There are 2 protein chains.
Amino acid sequence: MNNYMQIHKYLKQFDIKPSVQRTAVMDYLMTHKTHPTIDEIYSTLSPFMPTLSKTTIYNTLNLFVEKGAVLHLSIDEKNARYDADISNHAHFMCKRCGKVYDLFDLKQELFNKPQLKNFDIHSVEISYSGFCGTCTGMN
Amino acid sequence: MNNYMQIHKYLKQFDIKPSVQRTAVMDYLMTHKTHPTIDEIYSTLSPFMPTLSKTTIYNTLNLFVEKGAVLHLSIDEKNARYDADISNHAHFMCKRCGKVYDLFDLKQELFNKPQLKNFDIHSVEISYSGFCGTCTGMN
DNA sequence: TTATAAAACTATAATGGTTACAAAGATAAA
DNA sequence: TTTATCTTTGTAACCATTATAGTTTTATAA
Ligand SMILES: [Mn+2]
Ligand SMILES: [Mn+2]
Ligand SMILES: [Zn+2]
Ligand SMILES: [Zn+2]
């Protein structure tokens, strides 16, 4: 209940009207920091909201990204992934298990490069890929 | 002629048999440093090779990427883009005109980060997006 | 409250880039 | 030349995403 209030407040900060569906999606993103796909979000929420449509998940996430409330990640070639952590940080995707990991925050330096002088930068994405420690037995 | 010899040599370095089609695609990539899409490559080559199939362009580029002879860029959400420059460098894509620009080489530092200790890194991609100088009249 | 308009949601169809598949063609070995 | 292997080709299938149109919900105001 308190949680819903917080999410409503958060959505309003980005000029997003907090419908039931939107609140549920944002709630999911905030409590699952796994950079989920549309299908993962839909599959989890659908049993609790039987009339939920996958199109709504698409619409909702497109709106969130447009309003700047969540990040869209291109690191996974197969499916778009979404991140409620809108800070600038790098990601790693494991090609074996498919998990997407947070790595480190991007330094301001990356935005001050002289080569960027004539570009109006809207966003930056740093994507590593390879095998994670769990998959290689490295840790 | 000399050019073909060079391309053949280059392909063989990556263990790729230099067929006519493969040679033409690599030639295209080397002389057009625009990070082209499959369609751009196909549209340009097709008139000169009437029997050319778009599937061959797909097969060829998948092979090149697999063998490490070219880079696959994910910066463009709509279409895959390819780069014969296999050095580690950052890219910018203009959301208005669609051009993909080379920016700067990635520093070794990006591979030595302590947060990467437990990851087996195969590749890194740094993608900026926004508006380019030509589109904003900035230059 | 009731009427009306706007916004959001839903189901389905369409789109389009990419891959799967099987047949035809080219190359290399025997 | 025969045979096997590799490459190319055309078509069909796949599948994530978007477009569309109808329905439901929410907001506005009479
Ligand atoms: Mn993240
Ligand atoms: Mn490049
Ligand atoms: Zn893994
Ligand atoms: Zn531009």
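In the text below, chain A, chain B and the rest are named by the order of the sequence lines, each starting its count at 1. The model shown is predicted, which means the values in this text are computed figures rather than measured ones.
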Quick one: side chains of residues 43-53 of chain A, donor-acceptor pairs under 3.5 Å with protein atoms, not counting sequence neighbours, listed by atom name and distance.
residue	atom	partner	partner atom	Å
A:Ser43	OG	A:Asp39	O	2.7
A:Thr44	OG1	A:Glu40	O	2.9
A:Ser53	OG	A:Thr55	N	3.1

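Under the 3.5 Å distance criterion, with hydrogens and angles disregarded, no donor-acceptor pair is assigned to the side chains of A:Thr60 and A:Gln21. With hydrogens and angles left out, the side-chain atoms of A:Ser129 and B:Ser123 include a donor and acceptor closer than 3.5 Å. Side-chain polar atoms of B:Asp76 and B:His35 form no donor-acceptor pair below 3.5 angstrom.
For B:Ser19, no side-chain nitrogen or oxygen approaches OP1 or OP2 of C:dT27 to under 4.0 Å.
Of all nucleotides in DNA chain D, those with any atom nearer than 4.0 Å to a heavy atom of chain A start and finish, going 5' to 3', at D:dA16 to D:dA19.
Judged purely by atom type and a 3.5 angstrom limit, A:His89 uses its side chain to pair as donor or acceptor with the backbone of A:Ser87.
If you measure from atom NZ of A:Lys78 to atom P of C:dG17, you get 16 Å, rounded to the nearest angstrom.
Listed in residue order, the members of residues 20-39 of chain A having a heavy atom less than 4.0 Å from DNA chain D come to none. Non-hydrogen atoms lying under 4.0 Å from DNA chain C are contributed by B:Thr55, B:Tyr58, B:Asn62, all within residues 41-70 of chain B.
Shown are A:Leu29, A:Val25, A:Asp85; of these, the side-chain contact (heavy atoms from CB on, under 4.5 Å) with A:Val70 is made only by A:Leu29.
Inter-residue side-chain proximity for B:Tyr101 and B:His91 is flagged as unmet; no heavy-atom pair is nearer than 4.5 Å. A 4.5 Å side-chain heavy-atom check between B:Glu77 and A:Ser74 finds at least one atom pair inside the cut-off.
Annotation: A:Lys113, atom NZ; neighbour count of heavy atoms from other residues, nucleotides and ligands within 6.0 Å is above 12.
Between B:Phe92 and A:Phe119, the ring planes are tilted. Angles from 30° to 60° get that label.
For an aromatic pair to be called close, the ring centres must be under 6.0 Å apart, and A:His72 with A:Tyr82 satisfies this.
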Name the pairs: protein N/O against N/O of nucleotides 23-26 of chain C, kept only if under 3.5 Å.
none

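Judged as a side chain to side chain contact (heavy atoms under 4.5 Å, CB included), and not counting sequence neighbours, the contacts of A:Tyr58 are A:Ile38, A:Lys54.
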Ring pair (Phe, Tyr, Trp, His ring centres under 6.0 Å) between A:Tyr128 and B:His122, intermediate numbers included: CA-CA 8 Å; A:Tyr128 291 76; B:His122 295 181; over 10 Å; no
